[in-house]
Protein chains: 2
Amino acid sequence: MAKLGIKDIAAISGVSPATVSRTLRNPDIVSEETRKKVMKAVEEGGYTPSRFGANLRTQKSGNIIVVMPDITNQVNAGIIRAIESEAQKAGYSILLGDTQGLAEREKHYANMAQSGQADGVLLFTFHMPFNLNKALPVLKQLPPIVNSCESIPIEGISKVMIDNIAGARTAVEHLLSLGHKRIAAVMGPRDTPSTLERLKGYETALATARIEIDEQLIIRGDYGLDSGIGAMEQLLKLRLRPTAVFCFSDDMAIGAMSVLQENGFRIPQDISIMGFDDIRYARLMTPALTTIHQPLEEIGKACIELLLEQLDGKSEQARYVELPFQLMVRQSTGPAPL
Amino acid sequence: MAKLGIKDIAAISGVSPATVSRTLRNPDIVSEETRKKVMKAVEEGGYTPSRFGANLRTQKSGNIIVVMPDITNQVNAGIIRAIESEAQKAGYSILLGDTQGLAEREKHYANMAQSGQADGVLLFTFHMPFNLNKALPVLKQLPPIVNSCESIPIEGISKVMIDNIAGARTAVEHLLSLGHKRIAAVMGPRDTPSTLERLKGYETALATARIEIDEQLIIRGDYGLDSGIGAMEQLLKLRLRPTAVFCFSDDMAIGAMSVLQENGFRIPQDISIMGFDDIRYARLMTPALTTIHQPLEEIGKACIELLLEQLDGKSEQARYVELPFQLMVRQSTGPAPL
DNA sequence: CTGAAAGCGCTTACAG
DNA sequence: CTGAAAGCGCTTACAG
């Protein structure tokens, strides 16, 4: 027996296909008697409406594409989980777009909004994957879209962010308050807005404390564990070592901690370590990692909220949502050694 | 200017819509001259074919739904990343189905294969979300589907697994070889096949070593960090403590380690800790975590491979792929204390 | 409250 | 190598 279509259900229940459709999508406008007849046929026949027909007719896929550089990291995984959960409540499904750092993949995923594969885009990367005509307003040229985590340098796009500058500044001020003067920074990937912002926070905090920037103490990383390892090894080779290291991600901080412990340094007595993100493993490190907490679930929720507004046609203009970070003081930071 | 359709491109380039379609999907069967004309119109018009029309016509969505209990954990995240990457190469997109442990969500996602939202299903949960008629062959009643990680207790479904029994047995044998006799087990979620299999491996190893099972040393967990904490706290209260703890996941092992270190126990001198999974953080713990490595990328690749075979109609019967685990001996396990 | 009809945008078997 | 035509399975404006 072949799969049943709406016509079959219509025939079985003695109504028109239109009425079957109404019963399923808009039961209130159908008489109770009709509804019962139709639902009986639907259930007995095990009928599931095909999305192909509905999608073509309504010009909606019911999908949202999430474009991320790497779903494997705890920050992105936490955000996407919240996104998926919220999207589902609103009847949308999530398409995974892991770019693995490739621009071509970014374009590919963004294109899904052109082909109708997705109704909206959640962009966690900082390149603009759509061609914009500068003469026209940005909003009119884009599909429903929300940008988060890495800020695209374009006005007129809805964004969900935390204040990275203030977050990094808070981190460094915490270290300063403990008496540290030689504070290293382990940065994220070159040119990413989040890294540049956190670097700015670092520099601002030092400048305010009238401490000169020492370029040797600023190491390039990529937010990953291994780059934290490499950065710490590099810092340990310095004749004048830092007394504290501010890593722009928890993963790098965890990598840095492992190097220190392997080499017999005590944290925080010899060197303090500070992270950024507050992934779930941070508080379970020994010593527990001091870090800046990012509200992953709230970020995910806010992304969907802003996107749904656009999908529902309720938003006239771009919205900017800033979510609060939080300093989590734990055991990996302590007073500067004398 | 409204979005262009295939008819517009046909009109602009002076051919029929059929020829435009051929040029885009099957350029070889079109003359070079025609191809050039059409491609010019396509590029200048910025034409992207609508998936709505194509999907309805071909009865394919080009999507695969991945049903997982929690994408936030490192094991699942690693697998899904490989899946997405491989799927993309084959022209498929991934729909995220995070069940958050809810059976209703499982059904919801599985249903996507009925509605055409997805062409195939990758199932990482152990409930059968489709109704089966026992009189008919299993394969005929299911959409293209591959089951992995948690084995559904049904014959006739393609699966990608590791040998959990042997993996756990290997873990416990490693501890036995270090002289441990009081070996605790921290299990995963109740009733999950992976937990039952690993428990069996634990029991088999002990039985072979003629060590009696002590029920007090078997603690229920849920694979998560916090349950590792709770389990370790419980074990520490025992009058006769274990000298080694085999956690059925690295996350639980990490939780257990943090409890031990907080309470002044030395790992492995006082108590050895063993994990399962080999997530990326395992080797960076201090001490580095001894564990059983799961080949996440290979699991993801194998899942897509088996599913593609079904999608391409090349598979006559269910296939079973078993991938090798690997014992990673690191510093969290050592000789049993005297 | 319900039905008949049109149409969403493609692809492909058929014919030439 | 190309075109005309049919049709994939729905939804909805229109009419009654």
Side-chain angles (χ1 to χ4, degrees), chain A residues 1-39 41-42 45-63 91 111-119, chain B residues 1-39 41-42 45-63 91 111-119:
Chain A
M1 115 211 126
K3 225 190 134 199
L4 298 178
I6 199 170
K7 284 189 209 162
D8 301 307
I9 299 300
I12 294 171
S13 45
V15 300
S16 71
T19 296
V20 174
S21 176
R22 289 187 190 106
T23 306
L24 261 16
R25 319 199 95 219
N26 224 336
D28 297 345
I29 66 168
V30 163
S31 78
E32 193 184 330
E33 191 193 4
T34 305
R35 205 186 315 142
K36 279 185 185 159
K37 270 192 310 195
V38 173
M39 288 314 292
V42 165
Y47 170 63
T48 307
S50 159
R51 298 277 290 235
F52 298 131
N55 287 355
L56 176 56
R57 176 60 219 239
T58 59
Q59 296 290 102
K60 303 236 169 294
S61 66
N63 296 331
N111 249 318
M112 290 181 169
Q114 312 288 305
S115 71
Q117 229 187 321
D119 302 334
Chain B
M1 120 208 122
K3 224 189 137 201
L4 297 179
I6 199 170
K7 283 189 209 162
D8 301 307
I9 299 299
I12 294 171
S13 47
V15 300
S16 71
T19 296
V20 174
S21 176
R22 290 188 190 105
T23 307
L24 261 17
R25 317 200 98 219
N26 224 337
D28 297 344
I29 66 169
V30 162
S31 78
E32 193 184 329
E33 190 194 5
T34 305
R35 205 187 314 142
K36 279 186 185 160
K37 269 193 311 196
V38 173
M39 289 314 293
V42 166
Y47 170 63
T48 306
S50 159
R51 298 278 289 236
F52 298 131
N55 288 354
L56 176 57
R57 177 58 220 242
T58 60
Q59 296 289 101
K60 302 236 170 295
S61 67
N63 296 331
N111 248 318
M112 290 181 170
Q114 312 287 308
S115 71
Q117 229 188 321
D119 302 333

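No hydrogens, no waters, no symmetry mates; every other heavy atom, side chains included, goes into these values. Letters go in sequence order (proteins before strands), and every chain restarts at 1.
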- If you look at every strand shown and take non-hydrogen atoms under 4.0 Å, does A:Ala54 touch a base, only sugar-phosphate, or nothing?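 Touches sugar-phosphate only.
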
- Identify whether any heavy atom of A:Arg25 sits under 4.0 Å from a base atom; if not, whether one sits that close to sugar-phosphate; answer base, sugar-phosphate or nothing.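 Contact class for A:Arg25: sugar-phosphate only.
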
- Query: With a 4.5 Å heavy-atom cut-off, do B:Gln117 and B:Ser61 have their side chains touching?
  - Reply: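 A side-chain contact is absent here, since even the closest heavy-atom pair is not under 4.5 Å.
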
- Message: I want to check something: taking the side chain as every heavy atom from C-beta on, are B:Val38 and B:Val30 in contact at a cut-off of under 4.5 Å?
- Response: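 Of all side-chain heavy-atom pairs linking B:Val30 with B:Val38, none is under 4.5 Å.
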
- Gap in Å between the two P atoms, one belonging to C:dA6 and one to C:dT2, rounded: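 Taking atom P in both C:dA6 and C:dT2, they lie 23 Å apart.
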
- Message: If I pick the P atom on C:dG9 and the same atom on C:dA13, what distance separates them, to the nearest angstrom?
- Response: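 23 Å, rounded to whole Å.
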
Interatomic distance where [atom1] belongs to [X] and [atom2] belongs to [N] [whole Å]:
{"X": "B:Lys60", "N": "C:dC10", "atom1": "NZ", "atom2": "C1'", "result": "15 Å"}
{"X": "B:Phe52", "N": "D:dT11", "atom1": "CZ", "atom2": "P", "result": "14 Å"}
{"X": "A:Ile6", "N": "D:dG7", "atom1": "CD1", "atom2": "P", "result": "19 Å"}
{"X": "B:Lys37", "N": "D:dG3", "atom1": "NZ", "atom2": "C1'", "result": "13 Å"}
{"X": "B:Asn26", "N": "C:dA13", "atom1": "CG", "atom2": "P", "result": "11 Å"}
{"X": "A:Gln114", "N": "C:dG9", "atom1": "CD", "atom2": "P", "result": "15 Å"}
{"X": "A:Leu24", "N": "D:dC10", "atom1": "CG", "atom2": "C1'", "result": "11 Å"}
{"X": "B:Asn55", "N": "C:dT11", "atom1": "CG", "atom2": "P", "result": "10 Å"}

- Quick one: on DNA chain D, does B:Thr34 or B:Gln59 contact a more 5' nucleotide (nearest heavy atom)?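 Final value for this comparison: B:Thr34.
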
- Message: By nearest heavy atom, map B:Ser31 and A:Gly53 onto DNA chain D; which one lands nearer the 5' end?
- Response: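 Checking each residue's closest nucleotide, the 5'-ward one belongs to B:Ser31.
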
- Which listed nucleotide (D:dG3, C:dG9, C:dC1) is nearest to the side chain of B:Ser50?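 Nearest nucleotide to the side chain: C:dG9.
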
- Query: Can you tell which of C:dT12, C:dC8, C:dA4 lies closest to the side chain of A:Leu56?
  - Reply: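 Selected nucleotide (nearest to the side chain): C:dC8.
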
Respond yes when some side-chain nitrogen or oxygen of [X] is under 4.0 Å from OP1 or OP2 of [N], and no when none is.
{"X": "A:Thr58", "N": "D:dT11", "value": "no"}
{"X": "A:Ser16", "N": "C:dT2", "value": "no"}
{"X": "A:Tyr47", "N": "D:dC10", "value": "yes"}

- Task: List the steps, then state whether side chain to side chain contact (heavy atoms under 4.5 Å, CB included) holds for B:Tyr47 with B:Ile6.
- Result: CA-CA 8 Å; B:Tyr47 170 63; B:Ile6 199 170; 3.5 Å; yes

- Message: Quick check: on DNA chain C, is the nucleotide nearest B:Arg22 upstream (toward 5') of the one nearest B:Thr48, or the reverse? Name the residue that is more 5'.
- Response: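 Looking at DNA chain C, the more 5' nearest nucleotide goes with B:Thr48.
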
- Check for a donor-acceptor pair, side chain of B:Ser21 on one end and backbone N or O of B:Pro17 on the other, with a separation under 3.5 Å.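 No, the answer is negative, given that no donor and acceptor are paired below the 3.5 Å cut-off.
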
- Determine, step by step, whether B:Val15 and B:Thr34 satisfy the side chain to side chain contact (heavy atoms under 4.5 Å, CB included) criterion, reporting the C-alpha distance in whole Å, the side-chain angles of both residues, the deciding distance to 0.1 Å, and the verdict. CA-CA 8 Å; B:Val15 300; B:Thr34 305; 4.0 Å; yes

- Item | Pair assignment for C:dA13, Watson-Crick or G-U wobble, requiring both distances under 3.5 Å |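 Matched C:dA13 with nothing under the 3.5 Å cut-off.
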
- Query: For D:dA4, what is the paired nucleotide under Watson-Crick or G-U wobble rules, both distances under 3.5 Å?
  - Reply: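 With both distances under 3.5 Å required, D:dA4 matches none.
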
- Can we say A:Glu33 and A:Lys37 salt-bridge, meaning some charged N sits less than 4.0 Å from an Asp/Glu carboxylate O?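 No, this pair does not count.
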
